[in-house]
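A short worksheet on the structure shown next.
Counting starts at 1 for both ligands and their atoms, in listed order. One-based numbering along the sequence shown. Please read these numbers as outputs of a predicted model, since none were measured by experiment.
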Amino acid sequence: MAGIAPQPGIMEIALYKGGGSVAPGHAQPLKLSSNENPHGPSPAAQEAFRAAAMSLALYPSTDHAGLRAAIGAVHGLDPARIICGVGSDEIITFLCQAYAGPGDEVLHTEHGFLMYRISALAAGATPVAVPETERVADVDAILAACTPATRLVFLANPNNPTGTMLPEVEVARLAVGLPGRALLVLDGAYAECGPDGFDGGARLAGTRENVVMLRTFSKIYGLGGLRVGWGYGPQAVIDVLNRVRGPFNLSAPALAAAEAAVRDQDHVAWCRAENARLRDWLARELAALQMPSDPSFGNFILIRLRDSDEAAALDAHFLAAGIVVRRVSAYGLPQCLRITVGDAGGCARVRDAARAFRTGAAG
Ligand SMILES: *Cc1c(COP(=O)(O)O)cnc(C)c1O
């Protein structure tokens, strides 16, 4: 056994820890730890999934033509330049596998999504964390961190877990300023929660040779359990990613449900409005309890506590009240807690528990 060892980089990977779902003593805790949609998916998506259960003997489509056509129609994009993956996580993996290897650098922001680092290491590349300014991505810092070895630059916009985002002009300045061999990946997992008219980076990915946009069905679409994401970018990049993609990466029920979900934009619009309304309410209520947060463009808020100890104490207090939120020490933010915006009742429970924490009352 002594000679058996994995590729370099693999042992540096710290296992990704998903949001918790257990609160001791609570059979049905309020889970606000994974940015899931409290309203769930479109009923049409659930129906399509059920219907697909009747033909499980058949292999799924290898080219995802139906789903890509639906996405293209809804977003006004060329379906030939869309690729679908098992969550956007899989497309992050494809990008690292195809464009970065030993000796190459993969940039991500200081408080960026952990999967960028994990996928870079899995490909044998070197992840490089770039400092942010007050929890906001800093274009000048990213450009300064680029070297001749930079192959990929990951930017989640809006970002998780900070909830902050860069305006399109700043993102465009980043795209223009990158060295020739670097590809900018705009992760739009929370694009639907952003400001009115925000396109998640579609315009840039549609016009520039060095920009790719990622999107997911896991957040506003309420389909985290389904595992479907997609990417859009230059034809040359999409063609490369399709070479490393497994032919049957998406199951038939997943394809059917995602296609129905994307065609139900009324559901998306309603979830989006509810999220914006309750997010602003929750942020105001918690700020009044000395738990401030940056203006969030996601379906969560990141509250700041005095220090790591206070964050741990509030986390424990929430758990005792049956509310599971996310500690984000692994993202370099030990003094913060990330709280998904639930439904109206869920947000009220968070506010009440936070108030009890401040007044020293139980639960
Ligand atoms: C949740 C999230 C994703 C989505 O991942 P999936 O694999 O599509 O579920 C991607 N990027 C960021 C920043 C996220 O927070």
Side-chain angles (χ1 to χ4, degrees), residues 16-19 31-38 40-41 45 64 67 71 82-96 106-120 122 127 129 132 135-137 152-166 171 184-194 198 200-201 205 212-232 241 245 249-251 254-255 257-258 261-262 271 275 279 296-302 325-326 328 330-333 336 338-341:
Y16 182 87
K17 268 187 68 191
K31 185 177 184 229
L32 301 174
S33 56
S34 296
N35 297 342
E36 291 145 337
N37 182 339
H64 312 149
L67 177 55
I71 293 169
I82 293 171
I83 180 171
C84 302
V86 179
S88 40
D89 281 0
E90 192 185 32
I91 303 180
I92 295 169
T93 302
F94 294 159
L95 283 160
C96 290
V106 175
L107 270 55
H108 61 84
T109 57
E110 181 182 2
H111 306 302
F113 191 41
L114 290 173
M115 288 311 299
Y116 309 145
R117 176 182 164 81
I118 290 174
S119 288
E132 300 179 17
R135 298 170 302 280
V136 181
L152 289 164
V153 175
F154 283 99
L155 177 70
N157 200 41
N159 186 53
N160 168 24
T162 57
T164 60
M165 75 180 290
L166 294 181
V171 179
L184 175 61
V185 184
L186 299 175
D187 184 342
Y190 302 96
E192 294 85 356
C193 304
F198 179 59
V212 174
M213 171 182 74
L214 305 184
R215 303 288 286 265
T216 183
F217 284 90
S218 299
K219 305 289 159 55
I220 198 80
Y221 284 96
L223 289 167
L226 195 67
R227 311 306 302 132
V228 184
W230 55 280
Y232 169 72
L241 300 183
R245 177 177 69 80
N249 60 327
L250 286 176
S251 71
L255 287 167
V262 77
C271 293
N275 176 65
R279 176 183 66 198
S296 170
F297 296 95
N299 63 349
F300 55 89
I301 61 174
L302 182 78
V325 303
R326 183 71 157 254
V328 280
Y331 287 88
L333 296 161
C336 297
R338 193 192 69 191
I339 306 173
T340 302
V341 177

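At least one donor-acceptor pair closer than 3.5 Å links the side chain of Asn275 to the backbone N or O of Gly298. A donor-acceptor pair is defined here as one N or O able to donate and one able to accept, closer than 3.5 Å; no such pair exists between the side chain of Glu110 and the backbone of Gly332. Remark: side-chain polar atoms of Asn159 are paired, donor with acceptor, to backbone N or O of His111 under 3.5 angstrom. Remark: side-chain polar atoms of Asn160 are not paired, donor with acceptor, to backbone N or O of Phe113 under 3.5 angstrom. In this structure, Arg326 contributes its side chain and Ser34 its backbone to no donor-acceptor pair below 3.5 Å. Using a distance-only test at 3.5 Å, with no hydrogens or angles considered, a donor-acceptor pair links the side chain of Asn37 to the main chain of Ile220.
When the heavy-atom distances from atom 15 (O) of ligand 1 to Tyr221, Phe154, Tyr116, Tyr190 are ranked, the shortest goes to Tyr190. Among Met115, Arg227, Lys219, the residue whose heavy atom sits closest to atom 3 (C) of ligand 1 is Lys219.
Within the 4.0 Å heavy-atom criterion, the part of Asp187 lying near ligand 1 is the side chain and not the backbone.
Close approach to Ser218 involves these atoms of ligand 1, each under 4.0 Å from a residue heavy atom: 6 (P), 8 (O), 9 (O). The distance from ligand 1 to the heavy atoms of Gly87 drops below 4.0 Å at these ligand atoms: 6 (P), 7 (O), 8 (O). Ligand 1 places these atoms under 4.0 Å from at least one heavy atom of Ala189: 2 (C), 3 (C), 10 (C), 11 (N), 12 (C), 14 (C).
Ranking protein heavy atoms by distance to atom 8 (O) of ligand 1, first place goes to Thr216 OG1, 2.5 Å.
Put simply, part of Ser88 is less than 4.0 Å from ligand 1, judged by heavy atoms.
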